[in-house]
A.B. asks: 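Here you go, one structure.
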Amino acid sequence: MLRAGPSGACAVCRSLVSVACGKKVKLPLQKLHLVSRSVHYYRPGLKVQKLVLRPSAHQYSSFSRAPFRRTKLLTVKHGHQLQRHFWVTRLASRLLKLRYIVLGSAVGGGYTAKKTYDEWKDMLPDLSEYKWIIPDFVWELDQHIDFEKFSRALPDAEDFAKLLPDFEKLGESFGFLKGLFSAGPAGETALKVTTNQTFENEKQHKKGLLGELILLQQQIQQHEEEVRRAAGSFNTGSSQQRRKATEREKADQLQEELLRTQLKYQRILERLEKENKELRKLVLQKDDKGIHHRSVKKSLIDMYSEVLDILSDYDANYNTQDHLPRVIVVGDQSAGKTSVLEMIAQARIFPRGSGEMMTRSPVKVTLSEGPHHVAMFKDSSREFDLTKEDDLAALRHEIEIRMRKSVKEGQTVSAETISLSVKGPGLQRMVLVDLPGIISTVTAGMAADTKETIFSISKAYMLNPNAIILCIQDGSVDAERSIVTDLVSQMDPQGKRTIFVLTKVDLAEKNVASPNRIQQIIEGKLFPMKALGYFAVVTGKGNSSESIDSIKDYEEEFFQASKLVKTGMLKAHQVTTKNLSLAVSDCFWKMVRESVEQQADAFKATRFNLETEWKNNYPRLRELDRNELFEKAKNEILDEVISLSQVTPKHWEAILQRTLWERVSTHVIENIYLPAAQTVNAGTFNTTVDIKLKQWTDKQLPHKAVEVAWDTLQEEFSRFMTEQKGKEHDDIFDKLKQAVKEESIKRHKWNEQAEDSLRVIQHNALEDRSISDKQQWDAAIHFMEETLQSRLKDTESVIYDMVGPDWKERWLYWTTRTAEQATRSETKAELEKMIKVNEDHPAYLASDEVTTVRKNLEARGVEVDPVLIKDTWHQVYRRHFLKSALGHCNLCRRGFYYYQRHFVDSELECNDVVLFWRIQRMLSITANTLRQQLTNTEVRRLEKNVKEVLEDFAEDGDKKVNLLTGKRVQLAEDLKKVREIQEKLEAFIEALHQEK
């Protein structure tokens, strides 16, 4: 075996060790470099100097290599050696050693290099399972680099180290690819840095390929400035002129090189973005891959959007305002706001018009990442496929309809927000609100306050200190005509949350005489308004039928050929809607992370205040919000409807019979009984009664009976609905119950066939004249007495009103009669004398009798009109007839015996008692029939109507707000909303921290 002396130490060993004076240690073979391991001889007793690693040596890894440094050879002492004097032999042996050392180093170095490469290759992870997520050109590297041939061609360690691939560059490349395929913001596009921004913000903006372009362009600008300064300091000699020309040529060459690099990187980015978009779509579709990180990101923006939706419905009491970030898109009318938003959403989703106001209400658009490009409204489950033109047209039509519905009569715009979510592969996650365009003049067809309303809506959104203002300016018109810039300057004077966007740059480049004007706008020098960043975009050629892809192609082609970009007036990171979208998304999420926890704390404090107020005002009541109160009231109402079906048949029949007789008693007395009583004998009386009963049954009685039944059902239903429940009664439900009762009764319709069947039953009941027993006879007598006494009492009351108080009341209570009452009193006295003379006087006065009464009154000095005489006679005769009928009724109490004998050989005639028995029996049968119909049919139908009304009210939020009111309801409603907002904010914050 060979021993390595001082001259045999390899360069690798010399680069790894240094001299340690006077100290001897063991040097294991494993501590030596891999290349020198095969050429060193090792013995257990070998004493060597201690190895001291250089501080500058790098740790070896698969992505970095240790630099080889040339140092002095390490002097190695091998202990005591015998000195031989055979110098010829010694010289030959040394030459042989040198030959073997050279040969062994070459062979061993090549073998070790190959082994090192194999070990390095084995250390690489197996990426075959993830081949679908890395572009194909990465896997084709081995086709361009022959690593086997490369390893065989390595002669020694130093050359091998020189030929190894630059692992640092490979690490940067893998880092770049990782950045492209990550779900976070790609490219880290920088905003234009204002003069007061710190160096840390500049470092964050200079990442990725676009950051490299910015750095390269800044170097060019610095170089140009140095050339100009040097040219100004030099004399005008020929050498200085040549140097100046040379410097300008270099600047032009660098500018051309920059453009070529831009185009090159742009093509690479486009290709990688397309591949990345497809890969993201595949990743989102593959649930079995276990990529949970992307699912968190996908739902994060949806969680945030839900919080904003709840806040939009929350009435900002207790000084808790909505300060959560969102992107507010403002601009003059027809400045291209909607087009910019559509480019960010990558779909033509908004209605379009030529110079006409199309955005009539705020539209909140939540952008998120998803496998399919779809859109959906917050209050609808329908998905619109944005890749199909039919669905796009339907979506635009639906948005237009919702806008017009939200606008009240007599108004042009509305503050009601339309909430829309858009998902698709590659979309930047953010929440944008498209506001109506600012106008300078109210035109025909608009409400007079349209301009002020639009200003108030825009200010309300921009007053949010965390809202990002996306200010859209039309580049094709004069900047002095802009209105929105002044408004934005008032809301954000420092420009800390404003992003300025200049649209229609293609038209501006053609029409503007001085391109420097566009540069002044983009640099923020033309307007007094300050902004966080400035962008220039092109949103198409003005054709509403253009697709998003064609607009993007046109925009890219324009900026690639634009003189504004070539001359450096527009920077690469300030153009295209793609860069704008990335910048807005970065700014949005930065603002969210900075402000969301503060908002959560504010709502937490509000919740504590509301809970304290509830405990102080309603300590024994549960915190029921409006929906929970409605459910409680709904259960009570349904229980009351069920109680209606439990009313006893006896109760129903008693109410129906009493109510029906109250309705028909006047007709029976005036039109049937009184005319029949004027007949001369029993036969005529019965004939008259039969005819009039038949006419009454055919025309009026069934309909009147149905009305009575329907009114009775309503009264009983109302009684159950309004009945006090003692201490458990809650008056907060009274308004709701009244509305349910009225709407249910309004919807209820009685069965029309009931009248026909009822008519037959009533006709048969009235034709029966056979009273079977004395009990029925006495009941008819009692019914007749009650009816006649009631009518007599009413008649006495009418006569009292006609003649006034009598002499006792006038003396005792100091009352007097009017002149008319005095005249009627004299007329009444004269008519009573006539009745005393002839108690069987007919019901009507003859003309000569009227004349006689008038003359008698005139003889006493009382002037009277014949009409007054007849009117007074009607009441006087009615009282006389009723008193006579009551006396006759009392005589008929013992007439049942004569009735059984058909009043043969008897002077007593009781046909009027039989009439009242027939009426009473008809009332009883009718009440029984109506009761059966009520309990079997109508009550169930009413219960069904009540359920339908409650279901309709449950779906109508405005109804519930109007019917369930009061401080208690509002406090519970606010408490529920604040709790829901706080919980969702905490869940969102937790998910946000997990994403970090």
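Starting from 1, each residue takes its place in the sequence as its number.
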A.B. asks: Would you indicate whether the side-chain heavy atoms of Leu435 and Thr359 approach each other to under 4.5 Å?
C.D. replies: no

A.B. asks: Are any of the side-chain nitrogens in Arg396 or Glu400 under 4.0 Å away from the carboxylate oxygens of its partner?
C.D. replies: no

A.B. asks: Stepwise, does the side chain to side chain donor-acceptor pair (under 3.5 Å) test hold for Glu742 with Gln738?
C.D. replies: CA-CA 6 Å; Glu742 293 175 358; Gln738 182 67 21; 2.8 Å; yes

A.B. asks: State, with a plain yes or no, whether a side-chain heavy atom of Glu716 is found less than 4.5 Å away from one of His651.
C.D. replies: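 Side-chain contact under 4.5 Å: yes.
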
A.B. asks: On a heavy-atom basis, which atom in Arg968 and which in Trp614 lie closest, and how many Å separate them?
C.D. replies: O-CZ3, 3.5 Å

A.B. asks: Between Phe630 and Phe733, is the gap from one ring center to the other below 6.0 Å?
C.D. replies: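 So the answer is no for these two rings.
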
A.B. asks: Taking all non-hydrogen atoms of both residues into account, name the closest pair between Ile457 and Ser414 and its distance.
C.D. replies: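 Minimum heavy-atom separation between Ile457 and Ser414: CD1-O, 3.7 Å.
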
A.B. asks: Under a 4.0 Å threshold between the charged nitrogen and the carboxylate oxygen, would Arg747 count as salt-bridged to Asp952?
C.D. replies: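 Salt bridge: yes.
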
A.B. asks: Between Glu986 and Lys604, is there a side-chain N and carboxylate O pair less than 4.0 Å apart?
C.D. replies: no

A.B. asks: Answer with yes or no whether the side chains of Asn635 and Glu631 bring together a donor and an acceptor at under 3.5 Å.
C.D. replies: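 Side chains of Glu631 and Asn635: no pair found under 3.5 Å.
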
A.B. asks: So, for Ile301 and Ser368, which heavy atoms are closest and what is the spacing to 0.1 Å?
C.D. replies: CG2-CB, 3.0 Å

A.B. asks: Once you round to the nearest 0.5 Å, how far does CG of Leu985 lie from CZ of Phe603?
C.D. replies: 6.5 Å

A.B. asks: What pair of heavy atoms forms the shortest contact from Pro325 to Phe588, and how long is it?
C.D. replies: O-CE1, 3.7 Å

A.B. asks: Report the distance from atom CG of Leu324 to atom CD of Gln599, rounding to the nearest 0.5 Å.
C.D. replies: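 If we round to the nearest 0.5 Å, Leu324:CG and Gln599:CD are 4.5 Å apart.
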
A.B. asks: Less than 3.5 Å apart, any donor N or O on the side chain of Thr965 or Lys735 sitting next to an acceptor on the other?
C.D. replies: no

A.B. asks: If you measure only the distance, is there a donor-acceptor pair under 3.5 Å linking the side chains of Asp302 and Thr366?
C.D. replies: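 Absent: no donor and acceptor within the cut-off.
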
A.B. asks: So how far is it from Arg429 CZ to Leu427 CG, rounded to the nearest 0.5 Å?
C.D. replies: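 If I round to the nearest 0.5 Å, the distance is 11.5 Å.
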
A.B. asks: Between Ser361 and Glu416, is there a side-chain donor-acceptor contact under 3.5 Å, judged purely by atom types and distance?
C.D. replies: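 Side chains of Glu416 and Ser361: no pair found under 3.5 Å.
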
A.B. asks: Go through Ser305 and Lys364 one step at a time and tell me if the side chain to side chain donor-acceptor pair (under 3.5 Å) criterion holds.
C.D. replies: CA-CA 9 Å; Ser305 180; Lys364 182 176 76 69; 2.9 Å; yes

A.B. asks: Are any of the side-chain nitrogens in Asp698 or Arg759 under 4.0 Å away from the carboxylate oxygens of its partner?
C.D. replies: no

A.B. asks: With under 30° as parallel and over 60° as perpendicular, where do the rings of Tyr304 and Phe988 fit, or are they tilted in between?
C.D. replies: tilted

A.B. asks: Between Arg979 and Glu611, does any side-chain N to carboxylate O distance fall below 4.0 Å?
C.D. replies: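 A salt bridge is present here (some side-chain N lies under 4.0 Å from a carboxylate O).
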
A.B. asks: For residues 922-948, which residue pairs pass the salt bridge (charged side-chain N to carboxylate O under 4.0 Å, His left out) check, not counting sequence neighbours?
C.D. replies: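 As it turns out, the salt bridge (charged side-chain N to carboxylate O under 4.0 Å, His left out) pairs with a partner in residues 922-948, which skip direct neighbours, are Glu653-Arg931, Glu938-Arg941, Glu943-Lys947.
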
A.B. asks: Taking the side chain as every heavy atom from C-beta outward, state whether Leu656 and Leu660 have any atom pair closer than 4.5 Å.
C.D. replies: no

A.B. asks: Flag the pair Asp625 and Lys977 as a salt bridge only when some basic side-chain nitrogen lies within less than 4.0 angstrom of an acidic carboxylate oxygen.
C.D. replies: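 Salt bridge absent between Asp625 and Lys977.
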
A.B. asks: Considering non-hydrogen atoms only, spot the tightest contact between Phe384 and Asp391 and give its length.
C.D. replies: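 Heavy atoms only, the tightest pair is CD2-O, 3.6 Å.
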
A.B. asks: Answer yes or no: does atom CD of Gln598 have more than 12 heavy-atom neighbours from other residues, nucleotides or ligands under 6.0 Å?
C.D. replies: no

A.B. asks: Let's go through Arg402 and Val363 carefully: what are the C-alpha distance in whole Å and the side-chain angles of both, what is the deciding distance for side-chain contact (heavy atoms from CB on, under 4.5 Å) to 0.1 Å, and is it a yes or a no?
C.D. replies: CA-CA 10 Å; Arg402 287 173 179 258; Val363 181; over 6 Å; no

A.B. asks: Please report the C-alpha distance between Thr450 and Ile439 in whole Å, then the side-chain angles of each, then the deciding distance to 0.1 Å, and finally whether the side-chain contact (heavy atoms from CB on, under 4.5 Å) criterion is met.
C.D. replies: CA-CA 9 Å; Thr450 301; Ile439 61 175; 4.0 Å; yes

A.B. asks: Distance check, rounded to the nearest 0.5 Å: Ile919 atom CD1 versus Arg921 atom CZ?
C.D. replies: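 Output value for this atom pair is 12.0 Å.
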
A.B. asks: Going by atom types only, do Glu613 and Asn609 share a side-chain donor-acceptor pair under 3.5 Å?
C.D. replies: no

A.B. asks: Please report the interatomic distance CG(Leu644) to CD(Gln646), rounded to the nearest 0.5 Å.
C.D. replies: 9.5 Å

A.B. asks: Using side chain to side chain donor-acceptor pair (under 3.5 Å), reason through His993 and Glu597 one step at a time and then give a plain yes or no.
C.D. replies: CA-CA 11 Å; His993 289 166; Glu597 293 186 359; 2.9 Å; yes

A.B. asks: Taking all non-hydrogen atoms of both residues, which atom of Leu420 and which atom of Ile399 are closest, and how far apart?
C.D. replies: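 Reported closest heavy-atom pair: CD2-CD1, 4.1 Å.
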
A.B. asks: Please tell me if the side chains of Glu369 and Lys423 come closer than 4.5 Å, counting only heavy atoms from C-beta onward.
C.D. replies: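 The answer is no, as the side chains (C-beta and beyond) never meet within the 4.5 Å cut-off.
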
A.B. asks: Scan side-chain atoms only and decide if Gln920 and His782 contain a donor-acceptor pair under the 3.5 Å cut-off.
C.D. replies: no

A.B. asks: How far apart are the C-alpha atoms of Ile438 and Ile454, what are their side-chain angles, what is the distance that settles it, and do they pass the side-chain contact (heavy atoms from CB on, under 4.5 Å) test?
C.D. replies: CA-CA 7 Å; Ile438 306 295; Ile454 294 175; 3.8 Å; yes

A.B. asks: Check step by step if side-chain contact (heavy atoms from CB on, under 4.5 Å) holds for Glu383 and His372.
C.D. replies: CA-CA 11 Å; Glu383 280 191 351; His372 305 290; over 6 Å; no

A.B. asks: Are Glu628 and Arg622 close enough for a salt bridge, meaning some N to O gap below 4.0 Å?
C.D. replies: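 Salt bridge flag = no for Arg622 with Glu628.
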
A.B. asks: Mark yes or no: Arg326 above the aromatic ring of Tyr461, with NZ or CZ under 6.0 Å from the six-membered ring centre and no more than 45 degrees from the axis.
C.D. replies: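 Here Arg326 fails the 6.0 Å and 45° test against Tyr461.
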
A.B. asks: One pair to check against side chain to side chain donor-acceptor pair (under 3.5 Å): Thr926 and Gln762. What are the steps and the verdict?
C.D. replies: CA-CA 7 Å; Thr926 301; Gln762 290 172 340; 3.3 Å; yes

A.B. asks: Taking atom CZ of Phe455 and atom CE of Met462, what is their separation to the nearest 0.5 Å?
C.D. replies: 8.5 Å

